[in-house]
**Q** 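One structure follows; several queries about it will come next.
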Amino acid sequence: IPVMISLASTLSRSCTRYTQQIKRPASSLITYKVNCEKALKKTNEGDSFTQLQGSSIDVLQGIGPVHLETFEKLGIQSIKDLANNKFYKMAKAITILADSAEGDLRLEGSSMNINKAVDKAYETQSFQDIRDAPVAALQGLSDEKGDILGKIGVHSVQDLANLKYFQWAEAIIEMSYYEE
């Protein structure tokens with residue numbers, strides 16, 4: 001049974017708003033819409049997720065010259081760089097696990113640790129304490145880089161985990177795996 005797929009990009013307030021119409025034998029049409037206009041600048045709303053992977057981070061809404069310069073100082077230039085940033089991934093995991101912790105003590109003899117993710121001073125701290133710690137508590141993220149992130153409102157590990165630019169980039173990369 002032949003299937004006709006027509007993709008029409010609509011540029012009115014959509015990030016990747018595609019209308020996909022599938023013509024079925026009974027002439028019935030199904031329309032699908034994907035929309036994330038709050039994440040992308042208008043000029044990039046018609047791009048595919050796959051195209052966006054290698055794009056500069058300035059395709060994201062809110063990334064102007066200050067944010068662009070800040071991220072470049074951290075070695076982040078593309079959507080893929082942003083999504084795969086190890087400090088964001090560590091901060092996100094710590095923040096998620098902080099919400100799963102009950103109390104602040106582990107069982108005696110527990111070998112669970114995150115010593116390769118945090119500076120020595122934080123190795124024995126609870127997830128909640130690390131989540132609320134300065135972003136420079138993450139191993140490899142210097143005080144200088146912490147100050148750079150502070151210029152865009154990232155002061156704590158949790159701030160980094162919740163920064164919308166990282167989340168948008170991560171979602172764009174993830175959705176690119178499911179594009180045809």
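Just the heavy atoms: all of them, side chains too, but no hydrogens, waters or symmetry mates, feed the values below.
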**Q** How close do V135 and G146 get, counting heavy atoms only, and between which atoms?
**A**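 That closest heavy-atom pairing would be CG1-CA, 3.7 Å.
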
**Q** Quick one: closest heavy-atom pair of A161 and T95, and the distance?
**A**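 The pair with the smallest heavy-atom distance is CB-OG1, 3.4 Å.
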
**Q** May I ask you to decide if Y122's main-chain N or O and D119's side chain share a donor-acceptor pair within less than 3.5 Å?
**A**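 Judged by distance alone, no pair lies under 3.5 Å.
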
**Q** Determine whether the aromatic ring centres of F166 and F71 lie less than 6.0 Å apart.
**A**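 Aromatic pair counts; centres sit under 6.0 Å.
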
**Q** Do you know the tightest heavy-atom contact between D159 and G153?
**A**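 Looking at all heavy atoms of both residues, the closest pair is OD2-O, 3.7 Å.
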
**Q** Pair L163, I152 - check side chain to side chain contact (heavy atoms under 4.5 Å, CB included), show working.
**A** CA-CA 10 Å; L163 190 63; I152 59 170; 4.1 Å; yes

**Q** Could you check whether any side-chain heavy atom of S56 comes within less than 4.5 Å of a side-chain heavy atom of L68, counting everything from C-beta outward?
**A**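 A side-chain contact under 4.5 Å exists here.
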
**Q** Has the side chain of Q51 got a donor or acceptor atom that lies under 3.5 Å from a matching backbone atom of S48?
**A**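 Yes, Q51 side chain to S48 backbone: donor-acceptor pair under 3.5 Å.
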
**Q** Going through the distances and angles, do R131 and D99 end up as a side chain to side chain contact (heavy atoms under 4.5 Å, CB included)?
**A** CA-CA 10 Å; R131 174 196 61 206; D99 292 338; 3.4 Å; yes

**Q** Can you tell me if D81 uses its side chain to pair, donor with acceptor, with the backbone of Q77 under 3.5 Å?
**A**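 Yes, the answer is positive, given that a donor and an acceptor are paired below the 3.5 Å cut-off.
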
**Q** Given T124 and N113, is the side chain to side chain contact (heavy atoms under 4.5 Å, CB included) satisfied, shown in steps?
**A** CA-CA 8 Å; T124 60; N113 68 77; over 6 Å; no

**Q** Could you state the interatomic distance from OG (S55) to CG (D47), rounded to the nearest 0.5 Å?
**A**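 Output value for this atom pair is 6.0 Å.
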
**Q** With a 4.5 Å cut-off on side-chain heavy atoms, are K92 and E170 touching?
**A**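 The answer is yes, as the side chains (C-beta and beyond) meet within the 4.5 Å cut-off.
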
**Q** Would you kindly confirm whether I172 and Y178 end up in one hydrophobic cluster when ILVMFWY residues are joined by side chain heavy atoms under 4.5 Å apart?
**A**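 Result: yes, single cluster for both.
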
**Q** Are Y177 and W168 co-members of a hydrophobic cluster defined by side-chain heavy atoms under 4.5 Å apart?
**A**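 Yes, it is one cluster - the side chains of W168 and Y177 are joined through contacts under 4.5 Å.
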
**Q** Salt bridge check: are D58 and K41 linked by an N-O gap of less than 4.0 Å?
**A**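 No, this pair does not count.
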
**Q** Does the side chain of I130 come within less than 4.5 Å of I114's, by heavy atoms?
**A**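 Touching, per the 4.5 Å side-chain cut-off.
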
**Q** Restricting to non-hydrogen atoms, name the atom on G54 and the atom on S78 that form the minimum distance, rounded to 0.1 Å.
**A**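 Distance-wise, the nearest heavy atoms are O-CB, 3.9 Å.
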
**Q** Can any side-chain N or O of E179 pair as donor or acceptor with the backbone N or O of F49 at less than 3.5 Å?
**A**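 Flag set: sc E179 to bb F49 pair under 3.5 Å.
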
**Q** Taking D147 for the side chain and E144 for the main chain, is one N or O donor matched with an acceptor at less than 3.5 Å?
**A**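 Not confirmed, D147 side chain does not pair with E144 backbone.
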
**Q** Do the non-hydrogen side-chain atoms of V157 and D132 ever get within less than 4.5 Å of each other?
**A**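 The answer is no, as the side chains (C-beta and beyond) never meet within the 4.5 Å cut-off.
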
**Q** Rounded at 0.5 Å granularity, tell me how far CG in L160 sits from NE2 in H155.
**A**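 The distance works out to 12.0 Å.
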
**Q** Would you call Q61 and L40 a side-chain contact if the rule is heavy atoms closer than 4.5 Å?
**A**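 No; the side chains remain at least 4.5 Å from each other.
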
**Q** Looking at A136 and S142, what are the two nearest heavy atoms and their distance?
**A**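 What the structure gives for the nearest pair is CB-O, 3.9 Å.
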
**Q** Do Q53 and I173 have side chains that get closer than 4.5 Å, going by heavy atoms?
**A**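 Touching, per the 4.5 Å side-chain cut-off.
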
**Q** Taking all non-hydrogen atoms of both residues, which atom of A98 and which atom of Q128 are closest, and how far apart?
**A**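 Looking at all heavy atoms of both residues, the shortest contact is O-NE2, 3.5 Å.
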
**Q** Any chance you could measure E180, atom CD, to T50, atom OG1, to the nearest 0.5 Å?
**A**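 Separation between the atoms: 11.0 Å.
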
**Q** Using modelled atom types and a 3.5 Å cut-off, is there a donor and acceptor pairing between side-chain atoms of Q139 and backbone atoms of A117?
**A**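 Not confirmed, Q139 side chain does not pair with A117 backbone.
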
**Q** So, do Y165 and L82 sit near enough that their side-chain heavy atoms are less than 4.5 Å apart?
**A**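 With C-beta onward as the side chain, the pair touches.
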
**Q** Could you tell me if the side chain of L141 sits less than 4.5 Å from the side chain of L149, heavy atoms only?
**A**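 Yes, at least one pair of side-chain atoms sits under 4.5 Å.
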
**Q** Atom OG of S156 and atom CG of N162: how far apart are they, to the nearest 0.5 Å?
**A**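 Here the rounded value is 8.0 Å.
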
**Q** After noting the C-alpha distance and the side-chain angles of I94 and V118, does the key distance pass the side chain to side chain contact (heavy atoms under 4.5 Å, CB included) rule?
**A** CA-CA 10 Å; I94 289 165; V118 296; 4.2 Å; yes

**Q** Determine whether more than 12 heavy atoms belonging to other residues, nucleotides or ligands lie under 6.0 Å from atom CG of D143.
**A**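 Counting other residues, nucleotides and ligands, CG of D143 stays at 12 neighbours or fewer.
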
